[in-house]
Amino acid sequence: MSLHLRQAERLHEILVRRFGAEVPSAEQILVEVPRERKFGDFSSNIALVLAKQVKANPRQLAAELAEDLAATDTIATASAAGPGFINWTLTDAAWQKTLAEIIQADSNWIFRDLGQGKAVNVEFVSANPTGPLTVGHARGAILGDVLADVLQRFGWKVEREYYINDAGNQIDTLADTILLRMREAEGEDIGEIPRGLYPGEYLKPIGVALAEQKDKVLGTCADPEARRTAAAAFAVEKIMQGVQADLTALGVRHDVFTSDKALREAGAVERAIAVLKERDLVYRGVLEPPKGEDPPEDWEPRQQLLFRATQFGDESDRPLQRSNGDWTYLAGDMAYHYDKFTRSAEKLINVWGADHVGYIPRITSALAALSDSKANLRIVVCQLVRVLRDGREVRMSKREGSFVTLGSVVEEVGRDALRFMLLTRKPSAPLDFDLSVVVKQSLENPLFYVQYAHARACSVLRLAVETFPDMPHDPSSGEITKAAVQTADLSLLTADAEREVIATLASAPQALEATLRALEPHRITAWLRTLAASFHGMWQAGRADENSRFIVASDRSLSEARLALVLATRDGLGEVLRLLGVTPADRL
RNA sequence: GCGCUCGUAGCUCAGCUGGAUUAGAGCGAGUGCCUUCUAAGCACUAGGUCGGAGGUUCGAGUCCUCCCGAGCGCGCCA
């Protein structure tokens with residue numbers, strides 16, 4: 001159990017004793033770390049929250065609760081403050097015990113089983129298979145990947161999914177472009193790529209590949225539609241190979257790739273629409289013209305199959321079928337989400353780019369309609385990424401085909417730096433990504449700062465062996481092992497800087513659970529930076545005063561105690577870095 | 001026109017989903033600290049009417065309304 005939660009439990013027990021069972025649970029009691037350390041290790045507003053319910057003066061109630069807290073053996077001081085806050089500090093022994101538990105528990109102390117094996121489906125990336133991934137996609141990819149990992153560590157059964165939009169107009173366009181590129185590869189002068197097709201250079205190699213395998217892929221197809229279908233399948237497969245290569249380079253993995261086309265061919269759309277019909281949620285009707293500044297010129301009112309999205313809070317009913325009889329994107333997508341829902345995922349998470357925000361009410365209303373409001377869908381919107389170099393924006397023009405591909409960025413800055421940087425901002429905020437900063441070895445580069453702390457800790461663990469050669473150590477890394485500090489007398493850790501590091505370490509569950517709640521991994525990178533800062537601070541104390549160093553040759557016991565803290569810090573940093581898909585550095 | 005997101009120090013951003021006694025970091029600017037475990041660091045100083053105006057509340061950067069500004073979006077595209 002986390003230290004925070006344990007504090008809340010103390011309060012809960014005290015409340016039960018005083019007021020009986022009708023009090024907030026430990027999970028509901030807010031326990032915070034005050035901004036200023038001098039106000040205490042923890043604080044709570046519970047007296048303010050409860051004052052009305054129990055008809056007490058908040059200040060008076062806080063004082064009484066503080067008195068009860070102070071009587072607890074792990075709590076050193078507790079007092080009421082302000083309008084009714086309670087501040088308290090733990091005893092040195094309690095902090096030392098916290099560290100001891102962290103060391104004993106390996107890294108499991110950070111996580112608890114909140115998911116209890118429940119199934120959650122995380123759909124992310126799902127970039128259209130018409131071109132390579134960009135840095136923008138990478139943000140969503142890493143976000144989804146880390147959220148999936150975090151959910152898994154907290155006990156959920158996670159399925160990681162990629163939805164391939166391999167049906168619809170864009171795929172026809174792709175096929176036409178590829179067939180043209182094939183003719184170009186065969187020596188024909190195709191001139192400019194006509195308007196309406198994809199002009200990007202990245203499709204050239206696929207045209208060449210198609211020319212090489214023309215007989216095998218297109219065979220003797222004379223029918224233009226059959227040729228198109230074959231070319232499309234060929235191009236999608238090639239592009240998806242590239243996408244998967246980029247994802248692999250990023251360290252991002254999916255369990256399932258679901259094809260829109262395959263779902264449609266299997267009748268998923270008809271099934272979904274049948275469900276809606278049963279509930280009287282589809283009808284034939286005519287829509288109002290779209291409300292854009294300049295409505296499409298070719299717009300004209302038509303009778304079509306519509307879904308009553310307005311009944312679920314959407315601003316307008318939505319078409320399911322085009323005039324040529326094809327299903328709309330929404331029809332396919334609702335069928336897909338219904339499919340995910342019926343695959344028994346109790347929770348669905350979609351990671352989407354900011355350019356899809358307008359579509360959220362549509363899909364949420366569609367899924368609510370299909371699932372009888374039973375589906376639990378959360379959509380994490382990921383704002384756009386601006387790529388900079390030396391503070392100047394690098395243009396990402398897909399038209400020119402000269403846009404910054406994910407592959408090129410990973411090559412330039414490395415997987416770890418890219419992952420960490422893209423995780424430092426909350427998803428809902430736009431992100432500037434400066435290629436020249438992430439390779440810098442300084443504080444400007446937050447990953448470096450954290451890696452430096454990790455490497456410093458590793459360095460101390462190696463050097464300990466020089467002073468104390470008999471300490472158990474790992475021959476390959478040269479670092480002392482846990483066995484060396486297992487019996488350390490942690491009561492020797494009483495310095496402020498040391499307690500600070502323990503406190504930061506112990507707050508890891510807070511950062512991780514906040515990520516889980518808000519689906520915002522930047523809280524994890526923030527925690528890493530805080531822990532790194534505490535550690536750098538503690539390190540520095542040893543520069544001012546030799547007796548404050550981790551390794552004090554004349555005092556074996558003190559050294560062991562401090563090395564225990566160094567080891568715990570190193571493992572905490574390492575564990576959480578790895579959770580983010582970043583490899584901790586043993587040296588820099 | 002409408003919807004969503006964002007607006008916090010010169011710059012880039014946190015602010016734990018309503019808490020206080022001084023709104024926090026980093027960069028940039030200024031000062032100090034290496035015969036000492038990595039100075040790739042640490043400590044300190046300067047810098048903010050939290051876009052603006054109302055409102056709800058014991059209590060608002062956080063919630064509500066309106067306004068201003070930026071980004072993204074609005075279809076028988078996906």
Side-chain angles (χ1 to χ4, degrees), chain A residues 4 30 32-36 38-39 43 45 48-49 51-52 58 81-85 87 128 130 165 167-171 173 260 287 289-293 295-296 298-300 302 304-305 315-316 319-324 326 328-330 332-333 353-361 381 383-384 386 391 424-426 428-432 434 437 440-446 448-449 451-453 455-456 459-464 466-467 507 510-511 513-515 517-518 520 522-523 526-527 529-530 533 536-546 549-552 566 587-588:
Chain A
H4 274 71
L30 184 66
E32 295 185 304
V33 176
R35 255 198 300 279
E36 297 262 352
K38 68 180 175 197
F39 297 127
S43 77
N45 65 350
L48 285 162
V49 173
K52 243 182 213 150
F85 292 95
N87 295 331
N128 286 344
T130 53
N165 284 295
N169 281 350
Q170 56 169 359
I171 295 302
T173 305
D260 183 13
L287 278 183
K291 295 203 176 68
E293 295 239 336
D298 57 348
W299 199 89
E300 50 183 84
R302 285 203 184 98
Q304 53 189 147
L305 193 65
E315 58 192 22
S316 133
L320 297 173
Q321 202 165 23
R322 293 197 254 156
S323 52
N324 68 2
D326 287 352
T328 59
Y329 179 76
L330 176 64
D333 205 23
D355 50 346
H356 286 78
V357 281
Y359 185 73
I360 291 174
V381 173
Q383 286 292 323
L384 302 181
R386 242 177 11 137
T424 54
R425 303 270 178 274
K426 66 178 162 207
S428 62
L431 175 85
D432 283 352
D434 195 320
V437 167
K440 270 193 199 164
Q441 306 262 297
S442 80
L443 260 178
E444 274 180 87
N445 175 357
F448 169 77
Y449 186 72
Q451 291 282 33
Y452 187 35
R456 270 184 155 177
S459 163
V460 172
L461 298 178
R462 286 191 297 267
L463 284 163
E466 284 178 21
T467 310
S507 70
Q510 262 44 53
E513 288 177 27
T515 292
R517 230 184 357 261
E520 292 177 346
H522 74 286
R523 295 163 197 262
W527 176 82
R529 291 157 83 168
T530 308
H536 286 310
M538 186 167 66
W539 176 286
Q540 212 61 35
R543 299 197 71 85
D545 168 21
E546 192 150 345
R549 298 177 65 177
F550 299 124
I551 302 166
V552 182
V566 173
R587 55 187 88 214
L588 291 172

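Protein chains get the first letters and strands the later ones, always in sequence-line order, with residue 1 at the start of each. Remember, predicted model here, so these are calculated numbers, not experimental data.
Following rounding to the nearest Å, A:Y359 (OH) and B:rC4 (P) show an atom-to-atom distance of 18 Å. Rounded to an integer number of Å, the gap from A:F550 CZ to B:rC42 C1' is 12 Å. When the C1' atom of B:rC77 is taken as reference, atom CD of A:Q170 falls 8 Å away, rounded to whole Å. As rounded to whole Å, 15 Å separates atom P of B:rG59 from atom CG of A:N45. Atom CZ in A:F448 sits roughly 14 Å away from atom P in B:rU38 (whole-Å rounding). To the nearest angstrom, P of B:rA39 lies 10 Å from NE2 of A:H536. When the P atom of B:rG75 is taken as reference, atom CG of A:L330 falls 10 Å away, rounded to whole Å. Note: CD1 (A:I360) to P (B:rC74) measures 13 Å, nearest angstrom.
Taking every heavy atom of both residues into account, A:R425 and A:L431 meet most closely at CG-CD1, 2.9 Å.
There is a side-chain donor-acceptor pair under 3.5 Å between A:N128 and A:Q170.
Helical stems involving RNA chain B, defined as 3 or more consecutive Watson-Crick or G-U pairs under 3.5 Å, span B:1-7 with B:68-74, B:10-13 with B:24-27, B:29-33 with B:41-45, B:51-55 with B:63-67.
Remark: the A:N87 side chain and the B:rA20 base include a donor-acceptor N/O pair separated by less than 3.5 Å.
Residue A:H4 has no polar side-chain atom (N or O) positioned under 4.0 Å from OP1 or OP2 of B:rC16. Contact annotation: A:W527 does not reach the phosphate of B:rC16 (side-chain N/O to OP1 or OP2, under 4.0 Å). OP1 and OP2 of B:rU35 both lie 4.0 Å or more from every side-chain N or O belonging to A:R543. In this structure, A:Y449 reaches the B:rC42 phosphate: one of its side-chain N or O atoms is under 4.0 Å from OP1 or OP2. Residue A:S459 places none of its side-chain N or O atoms closer than 4.0 Å to OP1 or OP2 of B:rC37.
A:Y359 and A:Y329 have their aromatic ring centers within a separation under 6.0 angstrom.
Of the two residues near RNA chain B, A:T424 and A:G542, the one whose nearest nucleotide lies more 5' is A:T424.
Rounded to a whole angstrom, the distance from the P atom of B:rC33 to that of B:rG24 is 28 Å. To the nearest whole angstrom, the two C1' atoms, one in B:rG18 and one in B:rC13, are 22 Å apart.
Taking a centre distance below 5.5 Å and an interplanar angle below 30 degrees as the stacking criterion, A:Y329 does not stack against the six-membered base ring of B:rC77. The ring of A:F85 lies on top of the base of B:rA20, close enough and flat enough: under 5.5 Å between centres, under 30° between planes.
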Tabulated below should be each protein N or O lying under 3.5 Å from an N or O of nucleotides 5-8 of chain B; please produce it.
residue, atom, partner, partner atom, Å
B:rU5, O2', A:S428, O, 2.9

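Backbone-only contact: A:L463 has heavy atoms under 4.0 Å from sugar-phosphate atoms and none from a base.
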